[in-house]
Amino acid sequence: GGIFALYSLLCRHAKFSLLPNHQTADEELSTYHNPRYSYRNPQSLTVKRFAERHKKAKTALLLLVLFGTCLLICVGFLTPAISIRSAIEGVKVRSSELHYGVVLIIACILLVGLFVLQHRGTYRVAFMFAPIVILWSLSIAAIGVYNILKWNPRVYKALSPYYIYTFFRDTRYDGWISLGGVLLCVTGAEAMFADLGQYTAASIRAAFLSKNFAAVSTSFYASIPGLTYMSAMFVTTWLTALIINFVWGQSLVLALLFALFFGSIEMIFLSSSFIRISKGGWVPLVLSVIFMLIMFVWHYGSRKKYLYDFHNKVPMKQILTLGPSLGIVRVPGIGLIFTALVSGVPATFTRFLTNLPTFYQVAVFVCEKTVLVPYVPQKERYLIGRIGPKSFRMYRCIVRNGYKDVQKNEDDFENDLIMSIAEFIQLEAEGSGTLEGSVDGRMAVVRTSEKFGKRLEISELERNGEASSSMPPTILNSSKSHILQYLQSTYEMESPGSTLRRRVRFKLQPEMNYKDPNVKDELLELVEAKQSGVAYVLGHSHIKAKMNAPCLKRFVIHVAYLFLRKNCRAPAVVLNIPQTCLIEVGMNYYL
């Protein structure tokens, strides 16, 4: 929602994020900076530095954002059920003998049906509800015109601020209480345009229509107190004030004036909603607190796990002293080591070598991270670099995703990675060769190159393993034994998802001229390694709290965080990794 977008914008322009995985290269994304916000106010820089230095301030900001987001989540899942029930209660106007239990049953049936339609896609639901929305709009407009002409043609005078004053002067306490209903009318209109064509908007319209047809008391206003909405608006206002100061570079006085002006108006509405806490308003507040605690526990555990990896990563000097073979046996193939670190070698890799002193001839450390922008262009998604000298055949790939990006073709990740590494090797040779002796070389956005995708020749493979290209590709021997190849083919036949994976074969372009023969050898070795097979190395972490940790921390780690981890999808499922290509390395984390 908007609250999360405001928080990401703040973290983009100030160091408010609690995860230390930010890179300078992230700021070079085309969607990262807005040139209109290049101006910086010295006063805002002073306040920003103060907030960046204090961890408690950043934690308080995170909790505020999580609470506001959870309020919107509660509105999202409470509104459909109660608004649909309110719409069905409108039928009792014509059928007063209708039992309340029948109303609940009809509402449940409608909810199930609408959720089934929602699974088919919101655009299909919108297509079905479009005629209903048009009919409702025409009907409510006609009814409004009829009531104005018949009952009170002078109702337009209510637009005058004078009547607002006289209304509160005459009603006093009752008028103050009615602000909650006024707010709900506004939020209902907002939902009509924000969620046009979906069941939540339709149900809100139906509930509003039922209340205009009959002057009967229903549970809509009392069950969803205008409190949840106002609390979320209040959080948004204060975040916007921070945006004015830190992002837009305006003065602190202007930001405070904005917060006080709009915040005072919202406080008036919010105060009128406090009396409804005992009448059901406590439900969304309690649920929001529970959801906030769940999100914060997940963030806390993930951050502690990242810091453990960061402080226990292997020094590069130790890796370099082992030589190109790393002191182990290098076998044909590519090993993808997934890690959360954007620099250095994770302890998972050395633990794997300790227990099994062998690894693949090409090692790629892959880090998937979410950057503080909604979308990352596909050409800027991959950052490729080299670890150690060229003879080590060790690379690093950082996959940057926006917080609204959706990965659609996970099966193409291997092929995109090979193409990106090949492009990096060529760009490195065409540019400066200063990375040969570097400890952890510079990284490059390789997909922006004009020659990307033209370095290697790609041929599609059929299910029987033959190339579909008209040109016969070079046949490369696989390092797998006949038994392993038989087991892999059997697994792929039994697993429907594996047979749908895109399979390609790479080979060097015959017309490509290489000034440096070492570049051709490195590319050929990369192609041969891909043909031999790709293995995914993931850490299977066991999280434990330290022995001297406080009781609260032990409860959070051992109970809450572990429960969330066990009920989340495993990384192998998210990445759609075949079981025959998966290697998990057990790691104990003492947080």
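Taken from CE in Met292 to CG in Leu71, the straight-line distance is 9.5 Å, to the nearest 0.5 Å. Atoms NZ and NE2, on Lys553 and His558 in that order, are 10.0 Å from each other to the nearest 0.5 Å. Interatomic distance, Ser302 OG to Leu19 CG, rounded to the nearest 0.5 Å: 7.5 Å. Ile337 CD1 to Cys367 SG: the interatomic distance, rounded to the nearest 0.5 Å, is 13.0 Å. Atoms CG and NE2, on Leu372 and His13 in that order, are 10.5 Å from each other to the nearest 0.5 Å. In this structure, CD on Gln23 lies 10.5 Å from CD on Glu28, to the nearest 0.5 angstrom.
Judged purely by atom type and a 3.5 angstrom limit, Gln361 uses its side chain to pair as donor or acceptor with the backbone of Gly333. With Thr236 contributing its side chain and Ile3 its backbone, the two residues share no donor-acceptor pair below 3.5 Å. A donor-acceptor distance shorter than 3.5 angstrom exists from the side chain of Thr350 to the backbone of Ala347, with no hydrogens or angles considered. With hydrogens and angles ignored, the 3.5 Å screen pairs no side-chain donor or acceptor of Arg393 with any backbone N or O of Pro324. No side-chain donor-acceptor contact under 3.5 Å links Arg396 to the backbone of Ile384. Although no hydrogens or angles enter the test, the distance criterion places a donor-acceptor pair under 3.5 Å between the side chain of Arg330 and the main chain of Phe392. Judged purely by atom type and a 3.5 angstrom limit, Ser541 has no side-chain atom pairing as donor or acceptor with the backbone of Ile543. Side chain of Arg351 to main chain of Val585: no donor-acceptor pair is present (N/O by atom type, distance under 3.5 Å, no hydrogens or angles). At least one donor-acceptor pair under 3.5 Å links the side chain of Asn312 to the backbone N or O of Tyr308.
Using a 4.5 Å cut-off on side-chain heavy atoms (C-beta onward), Val65 and Leu10 make no contact. A 4.5 Å side-chain heavy-atom check between Val371 and Tyr32 finds every atom pair outside the cut-off. Between Phe506 and Asn415 the shortest side-chain heavy-atom distance falls below 4.5 Å. The shortest distance between side-chain heavy atoms of Phe67 and Val289 falls below 4.5 Å. A 4.5 Å side-chain heavy-atom check between Phe413 and Val366 finds at least one atom pair inside the cut-off. A heavy-atom distance below 4.5 Å is found between the side chains of Ile334 and Leu526. The shortest distance between side-chain heavy atoms of Leu417 and Val399 does not fall below 4.5 Å. The shortest distance between side-chain heavy atoms of Tyr360 and Ser532 does not fall below 4.5 Å.
What you find for Ile328 and Pro357 is that their closest heavy atoms are CB-O, 3.4 Å. When all heavy atoms of Glu52 and Ala14 are compared, the pair lying nearest together is OE2-CA, 3.4 Å. Here the closest non-hydrogen pair linking Asn401 and Val376 is C-CG2, 3.8 Å. The heavy-atom pair separating Met443 from Ile398 by the smallest distance is SD-CD1, 3.7 Å. Across all non-hydrogen atoms, the minimal contact from Val445 to Glu380 is CG1-CA, 3.7 Å. When all heavy atoms of His540 and Glu584 are compared, the pair lying nearest together is ND1-OE2, 3.7 Å.
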**Request:** Could you give me the CA-CA distance, side-chain angles and deciding distance for Arg381 and Asp416, then say whether salt bridge (charged side-chain N to carboxylate O under 4.0 Å, His left out) is met?
**Result:** CA-CA 11 Å; Arg381 193 175 300 274; Asp416 291 342; over 6 Å; no

**Request:** Please test Phe338 against Val537 for side chain to side chain contact (heavy atoms under 4.5 Å, CB included), starting from the C-alpha separation and ending with a verdict.
**Result:** CA-CA 6 Å; Phe338 281 80; Val537 182; over 6 Å; no

**Asked** Hey, mind stepping through Ile294 and Ile290 against side chain to side chain contact (heavy atoms under 4.5 Å, CB included) and telling me if it holds?
**Response** CA-CA 6 Å; Ile294 292 175; Ile290 294 175; 4.2 Å; yes

**Request:** Show your reasoning for whether side chain to side chain contact (heavy atoms under 4.5 Å, CB included) applies to Lys544 and Arg554.
**Result:** CA-CA 8 Å; Lys544 298 180 181 179; Arg554 295 173 66 88; over 6 Å; no

**Prompt:** Between Phe16 and Phe246, is a ring-ring contact (aromatic ring centres under 6.0 Å, His included) present by the stated rule, with each step listed?
**Reply:** CA-CA 11 Å; Phe16 290 158; Phe246 295 150; 5.6 Å; yes

**Asked** Does the side chain to side chain contact (heavy atoms under 4.5 Å, CB included) test come out yes or no for Arg505 and Gln531, once each step is laid out?
**Response** CA-CA 7 Å; Arg505 175 173 291 165; Gln531 179 63 24; 3.3 Å; yes

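When Leu591, Val556, Thr59 are each tested for a side-chain contact (heavy atoms from CB on, under 4.5 Å) with Tyr300, only one passes: Val556. For the side-chain contact (heavy atoms from CB on, under 4.5 Å) with Leu336, the lone residue among Val362, Ile583, Val364 that qualifies is Val364.
More than 12 non-hydrogen atoms from other residues, nucleotides or ligands lie less than 6.0 angstrom from NZ of Lys369. Within 6.0 Å of the NZ atom in Lys313, the count of heavy atoms belonging to other residues, nucleotides or ligands exceeds 12.
Side chain to side chain, Thr370 and Arg400 fail the donor-acceptor criterion of an N or O pair below 3.5 Å. Side-chain contact annotation: Tyr382 with Glu423, donor-acceptor N/O pair under 3.5 Å absent. For Asp309 and Tyr589, the side-chain atoms include at least one donor-acceptor pair closer than 3.5 Å.
Ring orientation note: the planes of Tyr306 and Phe310 are close to parallel, at an angle under 30° on the 30°/60° scale.
Ring pair Phe349/Phe365: centre-to-centre distance below 6.0 Å. Within the 6.0 Å centre-distance limit, the rings of Tyr403 and Phe4 are counted as a close aromatic pair. Phe359 has its ring centre less than 6.0 Å from the ring centre of Phe352.
Electrostatic pairing of Arg386 and Glu522 counts as a salt bridge here, judged by a charged N lying under 4.0 Å from a carboxylate O. Ion pairing of Asp26 with Arg12 is absent here, as no side-chain N (NZ or NE/NH1/NH2) approaches a carboxylate O to less than 4.0 Å.
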